[in-house]
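First up is the structure itself, then whatever we jot down about it.
First the proteins, then the strands, lettered A, B, ... as listed; each starts at 1.
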Amino acid sequence: MTSGTDFKFQISNFKLTPSQRKAVFHKEGPLLVLAGPGSGKTRVITCRIAALIDSGIKPYNICAITFTNKAADEMRQRAVALGVSGGAHISTFHSLCVRILRQYADRAGIKANFSVYDEADQSKCIKQAVKDCELDATNFPPARMLEYISKLKNMLIDVDFFKAQADEFRTEKIAKIYSHYQRILTEHNALDFDDLLMKTAFLLESYPDVCCELGNRFKFLLIDEYQDTNHAQYRIAKALVSQHNNICATGDPDQSIYRWRGADLRNILDFEQDWPDAIIVKLEENFRSKPEILGVADKLIAENKNRKPKKLIAIKPPVGKVVLTQFEDETEEAQAVAQQVKELTDEGASLKDIAVFYRVNAMSRVLEEAFIQNKIPYQIVRGVEFYNRKEIKDLLAYLKILVNPSDDIALLRIINTPSRGIGKTTIDRVRAYAARHSISFFEALKKAKNIDSLSKGVQAKLGAFINMQERFKKDISGKVAPLAERVFVKSGLSEFLRCAGEEDAIENVNELINSAAQYDQQTQTPTLLDYIQQISLFSDVDRYDTSSERVALMTLHAAKGLEFENVFIVGLEEGLLPHEKSNTDDQEDLEEERRLFFVGITRAKVGLYISYARYRTIRGQMLRGSPSPFLFELGSMAAFAPGQLVRHESFGLGRVEEFIDMGENSVVVVKFENGQTKSLMLKYADLSKVNI
DNA sequence: CATAGCCGCCTTTTT
DNA sequence: GGCGGCTATG
């Protein structure tokens, strides 16, 4: 039926398996694609978009949701490569929500020019909220409060609802903090990440006409990484497809690693109950990894109790390589990684096909040093490093105020940056005036002349600042990059950085302006508002350059969705993976850590190098570590296979004769150089592998 | 009002 | 070990 010679798009060029074909050519109604790692899921989704368009659906009526902006970018590119000219909406959930909320701002009860607050902004607001409630920051730690509120919002529990429920001392206080926090955000005309989802869900559920309009616009909804959606996202999806049920969700429960952020596995596990006529397609064949690597992954993930068993079917022929190595400390480990990378490149491997994964960002430092020492090009893929830079935040703050003058966080950030003689006392006086007259801080600034407590000199300085803002505002419409450039110069930021000799900072700003230029080019009608709102959702992961000849260093979380020829996973120690902060008594938490390791392993195509160190410096303290319990779950394949050369502290060099797999109590039989043969318990033996 | 320096806080993962 | 916030000093 699908001999496929008359496709408008290039789908016929792909060899698709029967299952993939079933998913690609599924027409209407709910579809769940349970896709194991390396099963060609991304390709299936893009082919499906092309197939839908081929069958007469307008691109405009398709909405695809990805987990990161980077993934959205790639999907767009892939679609173009397939011959799909564009027009389909492809973005993250958060980006989609920004667009919807802007369009229906009045009914969502917000203003369209809202700011999107990031973690640092949120932190300032919550601290203020705790203070306003006259509560102690030790008993109500701001970070914990944010976490709590985030969870509430993800569950679509708003202030009023939570207040009504709060019936004990602590929850009552938290309700109060929640309420104050929300009030501060409203005053600033700002939404946090979770608000974007919550407000959209409420909008869709309270206004059937809006829901209907969007349902008609997006006749087909595709959601990738469905295992990591939270309850708010689920409700949004449910509302968006309520008229036609054309939902296609893809994901893998074994790769769910964002439970801590509110991801709810039930979304994917209960898909069939939510959409009873759903077609389920399983993609179990793995086109990515060598069987040796899959074997290890399979053994590990089988230890998870709360899971539907699933096959991992290796398609690639052997031989892949799985190596487990013990090191003395993290420096030795990092050096060995660098050495191994060199060997791989000597054998012809490409640096961009090599990655190093770790559990926490702090572990990147040693690796970085080793790579620098060994002159190996690398790039660190980190959360928000770039967007957290002072100079970037400063320039963005200037731009944010132009869009949303109520954004006090942005305003206070730059009112005296670079210094223009407006200090704390002045700010307090303006603030007091604003409070007395119930106007915003920005409005108060405009009326500086009426504030008696301010000297003439200070009033003039404030006047100059406001005038500058007004001048910027005159050419706010049109392209973003030229405006950003102008603001950078005229604000004095540029001059300030030059005088301070901050050349790197200027470089960074230039990169930002370049990205704005790129935005101008790619967008039909670029506006500063849209740019600012979208960029607030960007992270460094989105800046990861997959094409540059550098080794990629990243956390296991950031590794999701990627693949490499050779993968290093370092720091396989108790307390680090599984991380001590994950509650190891809690089976769910432990299983998520295991899935995290699973995700890391299954990124590797050919070579997988796992390591742990006997000693590791954590927070400046050298601590003795023990191998991660997960290592004993990998089976003999990753362990000390017969023939493996090993070294023992007192017995010296030896060769493994036999490996008796007993999980954590595994025993290795080693014949040593001195003629002795010993049976050693792996966990006590302190054997290290010697690789030749 | 600006700046330097110090103290105390946190450090799992991120849209 | 790193950053934000506070304080003391110029």
Side-chain angles (χ1 to χ4, degrees), chain A residues 65-72 91-98 116-120 122-124 127 131 137-138 141-144 146-147 150 153-154 191-197 225 228-230 232-233 256-263 357-366 381-385 387-390 413 415-429 455 457-458 461 500 533-542 554-560 571 575-584 589 592-593 595-597 599-600 617-622:
Chain A
I65 295 178
T66 57
F67 192 72
T68 62
N69 289 294
K70 172 101 190 151
S91 80
T92 62
F93 251 113
H94 288 83
S95 270
L96 176 67
C97 290
V98 163
V116 178
Y117 272 6
D118 67 12
E119 220 181 307
Q122 288 184 61
S123 168
K124 283 178 186 151
K127 278 176 188 162
K131 216 184 242 174
T138 3
R144 301 292 298 279
L146 271 184
E147 211 178 297
S150 172
K153 287 182 178 177
N154 286 164
L191 305 182
D192 64 21
F193 288 131
D194 305 307
D195 281 333
L196 293 175
L197 302 175
E225 308 286 9
D228 280 322
T229 50
N230 63 32
Q233 290 166 328
S256 162
I257 53 175
Y258 284 93
R259 204 174 77 102
W260 55 273
R261 210 176 73 184
F357 304 150
Y358 34 81
R359 180 63 176 83
V360 297
N361 279 310
M363 291 166 73
S364 67
R365 180 167 295 272
V366 218
V381 183
R382 198 175 324 215
V384 284
E385 200 185 12
Y387 295 97
N388 263 345
R389 291 211 149 93
K390 190 182 179 304
R413 178 174 190 95
I415 191 166
N416 200 31
T417 308
S419 352
R420 42 175 78 89
I422 303 170
K424 193 180 177 302
T425 322
T426 305
I427 288 167
D428 284 344
R429 284 172 182 163
S455 72
V458 169
K461 283 173 186 166
Q533 287 182 340
Q534 291 299 328
I535 206 169
S536 306
L537 302 172
F538 271 57
S539 76
D540 273 18
V541 181
D542 306 317
M554 68 188 85
T555 63
L556 285 159
H557 282 91
K560 166 158 139 171
L576 216 43
L577 188 65
H579 197 274
E580 59 187 349
K581 286 272 170 144
S582 77
N583 185 359
T584 22
D589 271 12
E592 174 143 321
E593 294 286 309
R595 289 194 293 268
L596 194 52
F597 190 21
V599 166
T617 312
I618 294 168
R619 276 176 254 153
Q621 282 226 308
M622 166 97 92

Open item on the list: With a 4.5 Å cut-off on side-chain heavy atoms, are A:Y358 and A:T555 touching?
Closed with: yes
- [ ] Look at the side chain of A:K127 and decide which nucleotide, out of B:dT14, C:dG5, B:dT15, has an atom nearest to it.
- [x] C:dG5
Task: Aromatic ring of A:W260 stacked on base six-ring of B:dT13, 5.5 Å, 30° - done: yes
Open item on the list: In whole Å, I'd like the distance from the CG atom of A:N230 to the P atom of B:dT14.
Closed with: 17 Å
Open item on the list: Under 4.0 Å from OP1 or OP2 of B:dT15: is there any side-chain N or O of A:S95 that close?
Closed with: no
Open item on the list: Rounding to an integer number of Å, can you tell me how far A:E147 CD sits from B:dC10 P?
Closed with: 13 Å
- [ ] Using whole Å, report how far NE2 of A:H557 lies from P of B:dT14.
- [x] 7 Å
Open item on the list: Between P on B:dT11 and CG on A:L576, what's the gap in Å once rounded to a whole number?
Closed with: 16 Å
Open item on the list: Contact between A:Q122 and A:D118 at the side-chain level, heavy atoms closer than 4.5 Å - yes or no?
Closed with: no
TODO: Indicate, with a heavy-atom threshold strictly under 4.0 Å, whether A:Y258 touches base, sugar-phosphate, or nothing.
DONE: sugar-phosphate
Open item on the list: Suppose we screen for side chain to side chain donor-acceptor pair (under 3.5 Å). Which residues come up paired with A:D192, at least two apart in sequence or across chains?
Closed with: A:K153, A:Y181
- [ ] Using the test ring pair (Phe, Tyr, Trp, His ring centres under 6.0 Å), find all partners of A:F67 that sit at least two apart in sequence or belong to another chain.
- [x] A:Y258
Open item on the list: Judged by each residue's nearest nucleotide on DNA chain B, which is more toward the 5′ side, A:R261 or A:A143?
Closed with: A:A143
TODO: Find out whether A:L576 and A:M363 are in side-chain contact, i.e. whether some heavy atom of one side chain is under 4.5 Å from a heavy atom of the other.
DONE: yes
Pairs under 3.5 Å (N/O, protein and nucleotides 1-7 of chain B):
residue	atom	partner	partner atom	Å
B:dC1	OP1	A:G423	N	3.4
B:dC1	OP1	A:T426	OG1	2.3
B:dC1	OP2	A:T425	OG1	2.9
B:dA2	OP1	A:N416	ND2	3.3
B:dA2	OP1	A:G421	N	3.1
B:dA2	OP2	A:N416	ND2	3.1

Task: Gap between atoms CD and P, on A:E225 and B:dT14 respectively (whole Å) - done: 15 Å
Open item on the list: Can you measure A:R365 atom CZ to C:dC3 atom P for me and round it to whole angstrom units?
Closed with: 8 Å
Open item on the list: If we ignore hydrogens and angles and just use 3.5 Å, is the side chain of A:E592 paired with the main-chain N or O of A:R259 as donor and acceptor?
Closed with: yes
TODO: Take the protein atom CG of A:N361 and the nucleotide atom P of C:dG1, then report the distance between them rounded to whole Å.
DONE: 16 Å
TODO: Rounded off to whole Å, could you give me the CD-to-P distance for the A:E119 and C:dC3 pair?
DONE: 15 Å
Open item on the list: Quick one, A:L577 and A:L556 - any side-chain contact, counting heavy atoms below 4.5 Å?
Closed with: yes
